[in-house]
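One structure is given here, and the rest of the page talks about it.
We use all heavy atoms of the structure for the numbers below, so side chains are in, but hydrogens, waters and symmetry mates are not.
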Amino acid sequence: MFKKVILHLFVCSLSVSALSAQKFYHTIDTVAQQAWADSVFQSLSPEERIGQLFMVAAYSNRDQKHVEEIRGLIEEYNIGGLIFFQGGPYRQAKLSNEYQALAKVPLAVAMDAEWGVGMRLDSVYDFPKQMTLGAIRDRKWIYEMGKEVANQFKIMNMHINFAPVVDVNVNPKNPVIGYRSFGETKEEVALRGIEYMKGLQHHGIMANAKHFPGHGDTEVDSHYDLPVITHSKNRMSETELYPFKALMNDSLMSVMVAHLQVPAYDSSANTPTTLSKNVVTDLLKGELGFEGLAFTDAMNMQGVAKYYDAGEADVKALQAGNDVILFPLDVPKAIKQIQKALKKGTLTQAMLDERVMKILKAKYWFGLNEYKPIDTTNLSKRINNDYAIALNKLLYQKAITVVDNSDLLIPTISVDKKSFASISIGETNADVFQNMLNRYTKVTPLSFDSLSNQALDSAAQFSQVIIAYQGITNSPRNQHGVDTQTVEWIKALQKKTNVIVVVMGNAYSLQYFEGVKNLICTYENNDITQQVTPQIIFGALRAEGKLPITAGSSFKAGTGIETLTTGRLSYGLPEEAGMSWDSLRKIDGLIEQAIKNKATPGAQLLIARKGKVVYEKQYGFQTYNEERPVDQHTIYDIASVTKVAATTQILMRLYDEKKLDINKPLGYYLKELKGTNKEGLIIRDVLAHQAGLKPYIPFWEKTVTKGQLNTDYFTDARGPSHNYRIQEHNLPVSLNDSIWKWTVESSLRELPKKKKKYDYLYSDLGYTLIFRLVEKLIDEPVEDYLMREFYAPLGMSRTMYQPRSKGYYKDVAPTEVDSYFRNTIVCGDVHDQNATLMGGIAGHAGLFSTANDLAILLQMNLQMGYYAGKKYFEPWTIPIFSTPQSVENRRGMGWDKPITGTEEGPTSKFASASTFGHTGFTGAAIWADPAEELVFVFLCNRTYPDSSNFKLIEENIRTRIQDMVYQSILEP
């Protein structure tokens with residue numbers, strides 16, 4: 001009830017006959033403003049004053065002839081302003097500076113930039129269209145967009161933005177407004193228009209509400225003919241004029257009058273509102289009390305040009321009461337016609353002078369009394385600044401709308417035990433969409449020559465299919481590009497399996513998806529919506545939008561299902577996580593220099609903060625031959641990171657299940673250690689590398705004699721006892737047992753003098769012992785257990801042992817040209833020699849992965865064992881394992897730790913004491929910092945072609961990268 005009362009009062013405040021007069025274009029120092037306007041006015045002849053009434057179209061992508069035409073109009077006719085259209089930022093800046101230098105009175109520069117200057121200029125990003133903004137619930141973000149558009153205008157020394165569109169689009173067949181409107185609800189259009197307007201005007205740019213008195217209910221495009229609106233004055237006042245009155249009642253500085261015919265106001269034949277005194281003078285300036293600048297719509301549009309000659313229309317526009325004539329067809333002819341009207345008395349000099357003074361006062365408000373040329377230094381970067389890019393992504397994210405979730409598929413939480421496929425319909429490329437889907441699980445792209453029954457059966461084999469319906473148009477003709485037969489095929493598929501349909505385009509197209517379930521509307525189709533939508537599907541981001549319009553009988557305005565997040569990693573921009581993009585960009589130079597110095601042929605880097613991947617780059621190539629560039633799919637041998645990414649994960653699970661007591665000796669679980677020097681080793685000490693084990697024993701050397709594989713261990717014969725191969729040779733299964741035997745028989749280090757316990761010394765041997773312990777306790781192959789319990793449910797589809805045997809050879813970066821043991825290029829088989837003799841599956845090495853997969857695993861550990869709605873560990877388990885086990889040893893159990901208070905150690909000097917992670921011999925490094933909610937993954941193959949290349953380590957490349965990451969937090 002309280003809300004209704006407020007709404008009623010708001011409506012009443014807009015229904016007064018004359019809004020409170022506001023000198024919108026006045027400044028605080030009105031005396032100085034008046035003095036400047038007077039001085040300029042007095043310096044102009046009557047003919048020069050007439051020129052101030054024209055705003056001429058200018059382009060920065062046209063030939064020299066056009067440039068000369070504009071120069072002539074400035075010099076000969078003293079035109080008041082320019083409206084720039086197509087071109088580029090630098091070209092426009094150059095021309096703008098040139099034109100301003102010619103002008104006797106500084107030019108007012110405008111642009112029709114409803115979704116930012118990218119609407120007109122190349123190499124500039126587009127903000128969302130107004131229909132997309134209409135879906136955003138929190139209107140403050142529209143203000144933010146207005147502010148950033150104002151920033152673009154300021155950088156380009158422009159002063160007036162012909163936005164926002166405040167037409168209430170009540171007609172779905174409207175061919176010219178549609179997606180340019182905030183929606184069909186007058187109140188929402190008004191409130192959003194106010195936010196956009198304020199964002200502009202609070203930051204020094206004049207807003208312009210259009211298209212007065214309301215272009216929302218027409219099926220004719222005024223660019224091509226004169227639309228006729230037959231509504232009564234009462235209806236016009238209640239609906240079409242409502243947003244205009246709201247903006248005027250606030251602080252609106254200018255209005256654009258449309259080329260419409262509204263008989264209720266003016267029934268004269270073929271008289272557009274632009275040329276109607278009843279509309280411009282009596283309604284706009286009289287009844288509504290508007291004192292700002294009144295612009296005509298472009299005078300080249302057929303809504304007026306079809307019925308009136310150039311010059312004639314301009315005179316009538318001034319007679320109607322307009323202050324500025326926009327986009328005149330012929331300025332010289334118009335001026336002649338105006339001079340004739342002055343002689344006839346149908347126009348008076350006083351009428352024109354009044355408008356010229358308004359224009360000059362506005363120019364003072366623009367700051368043109370102290371005009372400065374455009375500074376082109378870093379022009380593109382300043383326009384496409386980091387905050388604005390982040391805001392742009394956020395706007396699209398907040399608009400995307402789930403309009404149906406009948407099968408509760410959004411978000412999709414569980415991904416294991418399911419098969420996923422995607423289908424892209426339409427001609428537009430969907431690679432960005434597909435790549436983002438694959439960040440969460442393996443999604444097979446399907447392509448069909450036709451959507452036949454055979455295609456239906458093929459798609460139905462998958463547990464879940466995600467359809468990206470592209471090719472949606474903004475034109476209501478041809479059902480916005482939606483094919484009825486295709487929609488019927490989708491409905492048939494939904495009867496056979498789970499299907500999510502993403503409508504990548506205009507919301508009005510939803511009316512042709514009646515009966516389709518699990519439906520998402522993105523409003524527009526671009527890289528941002530293709531990146532964000534998969535994140536919503538898998539619950540990394542929320543869906544928040546609501547339909548701003550009604551589409552058919554099923555999808556009413558206001559429809560929108562808010563979805564929940566699931567704790568999965570999302571993908572965004574540094575600013576979203578409180579990090580400086582500029583600081584992070586410095587990393588690129590460091591890594592590129594490392595590649596140039598041949599510290600590594602290539603690398604993957606991923607940085608996540610606060611649950612969001614904010615920086616992900618791939619550098620260089622898989623080898624120095626530069627044949628295969630590193631991409632997000634490149635798989636690396638992660639060497640000793642296997643200890644924490646595989647073995648330690650299982651240990652923590654066993655600890656949770658009370659199947660493992662870390663304070664027990666190994667011999668308690670492994671009876672075969674009885675009577676050996678390993679029997680009494682405490683598991684906690686083994687995991688912390690303080691059990692006295694030798695750091696490394698090259699068992700593989702036992703299998704090589706004079707550079708050749710020893711025939712005692714290798715044979716060319718094939719048979720049931722020879723399941724593993726090294727190059728052309730077979731590796732007997734019994735060699736795994738040999739590694740175990742040699743490990744058990746190895747001697748311990750000497751106990752340090754006057755010490756009762758061993759000190760810390762990193763050792764791979766401990767994980768050979770631990771691996772046997774793990775195998776015994778889980779009683780199944782380690783890889784099967786990891787895949788079922790961790791990798792598959794986490795969506796880590798590119799993490800595995802032995803990738804070569806699984807068909808991933810081309811995706812795997814080779815690790816070494818081995819001329820001493822295997823005599824081959826090691827690629828897709830584990831690099832570690834001892835792990836090789838164990839069949840490639842070991843506790844200390846053997847795992848292969850990508851940066852994205854490892855980030856997921858690390859994020860789950862950072863979130864204390866929770867990810868995507870599933871609990872993998874008890875919340876106390878990871879802190880127990882990742883805490884140092886001794887005051888003299890930085891190590892946790894399995895996890896490595898930083899050396900705090902010093903620049904030495906495996907991590908950045910800025911890393912918190914709670915940081916945990918690991919590094920690998922091949923160049924891999926993964927770290928999680930709970931204090932900063934930070935995930936760092938760096939993968940490379942620094943060992944290729946020669947593992948004796950230690951430049952990456954000697955030059956501290958990885959820790960220096962981490963330093964830059966922390967600096968981006970410290971210096972946002």
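- Between R798 and D811 there is a salt bridge, with a side-chain nitrogen of the basic residue lying less than 4.0 Å from a carboxylate oxygen of the acidic one.
- For the side-chain contact (heavy atoms from CB on, under 4.5 Å) test with D929, the passing option among V965, T915, T907, V935 is T915; the others fail.
- Between the CG atom of D126 and the CG atom of N392 there is a distance of 8.0 Å, given to the nearest 0.5 Å.
- In this structure, L862 and P930 have side chains that are in contact, with non-hydrogen atoms separated by less than 4.5 Å.
- Within the 4.5 Å cutoff, side-chain heavy atoms of E148 are placed close to those of Y387.
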Assess whether ring-ring contact (aromatic ring centres under 6.0 Å, His included) is satisfied between F921 and H831, documenting all intermediate values. CA-CA 9 Å; F921 184 77; H831 175 264; 5.8 Å; yes
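- Side-chain contact between P89 and D122 is present, with at least one heavy-atom pair separated by less than 4.5 Å.
- Counting heavy atoms from C-beta on, the side chains of L847 and Y791 come closer than 4.5 Å.
- Residues that satisfy the salt bridge (charged side-chain N to carboxylate O under 4.0 Å, His left out) test with D963, not counting sequence neighbours, are absent from this structure.
- Side-chain contact between Q604 and C940 is absent, with no heavy atoms from C-beta onward closer than 4.5 Å.
- Cation-pi check for R139 over W141 is not met; the charged atom does not lie both under 6.0 angstrom from the ring centroid and within 45 degrees of its normal.
- Of all heavy-atom pairs spanning G828 and P803, the tightest one is O-CD, 3.3 Å.
- Applying the side chain to side chain donor-acceptor pair (under 3.5 Å) test between Q530 and each of N525, N429, N435 identifies N525 as the sole match.
- Both tests do not hold together for K612 against Y571: distance to the six-membered ring centre under 6.0 Å, angle to the ring axis within 45°.
- You'll find the side chain of I536 stays beyond 4.5 Å of the side chain of R542, heavy atoms only.
- K810 NZ: 12 or fewer foreign heavy atoms inside a 6.0 Å radius.
- The one candidate from I638, V644, L606 that meets the side-chain contact (heavy atoms from CB on, under 4.5 Å) condition with L854 is I638.
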Mind running side-chain contact (heavy atoms from CB on, under 4.5 Å) on Y615 and D588 for me, showing each step along the way? CA-CA 11 Å; Y615 205 75; D588 296 350; 2.8 Å; yes
Determine whether Y440 and V415 satisfy the following criterion, side-chain contact (heavy atoms from CB on, under 4.5 Å), listing intermediate values before the conclusion. CA-CA 8 Å; Y440 295 104; V415 296; 5.6 Å; no
Verdict with supporting geometry, H203 and F153, ring-ring contact (aromatic ring centres under 6.0 Å, His included): CA-CA 10 Å; H203 297 88; F153 271 65; over 10 Å; no
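- A side-chain donor-acceptor contact under 3.5 Å links R439 and Q632.
- Of all non-hydrogen atoms in F538 and T566, the two that sit nearest each other are O-OG1, 3.4 Å.
- Side-chain contact between W115 and P128 is absent, with no heavy atoms from C-beta onward closer than 4.5 Å.
- Each of E933, E932, E576 was checked for a side chain to side chain donor-acceptor pair (under 3.5 Å) with R609, and the lone residue meeting it is E932.
- Using a 4.5 Å heavy-atom cutoff, the side chains of W927 and P906 are in contact.
- Considering CG of D112 and CD1 of I160, their distance stands at 12.0 Å, rounded to 0.5 Å.
- Between E144 and K147, at least one side-chain nitrogen of the basic residue sits less than 4.0 Å from a carboxylate oxygen of the acidic one, meeting the salt-bridge criterion.
- Within the cation-pi definition used here (under 6.0 Å to the ring centroid, within 45° of the axis), R942 qualifies as a partner of F950.
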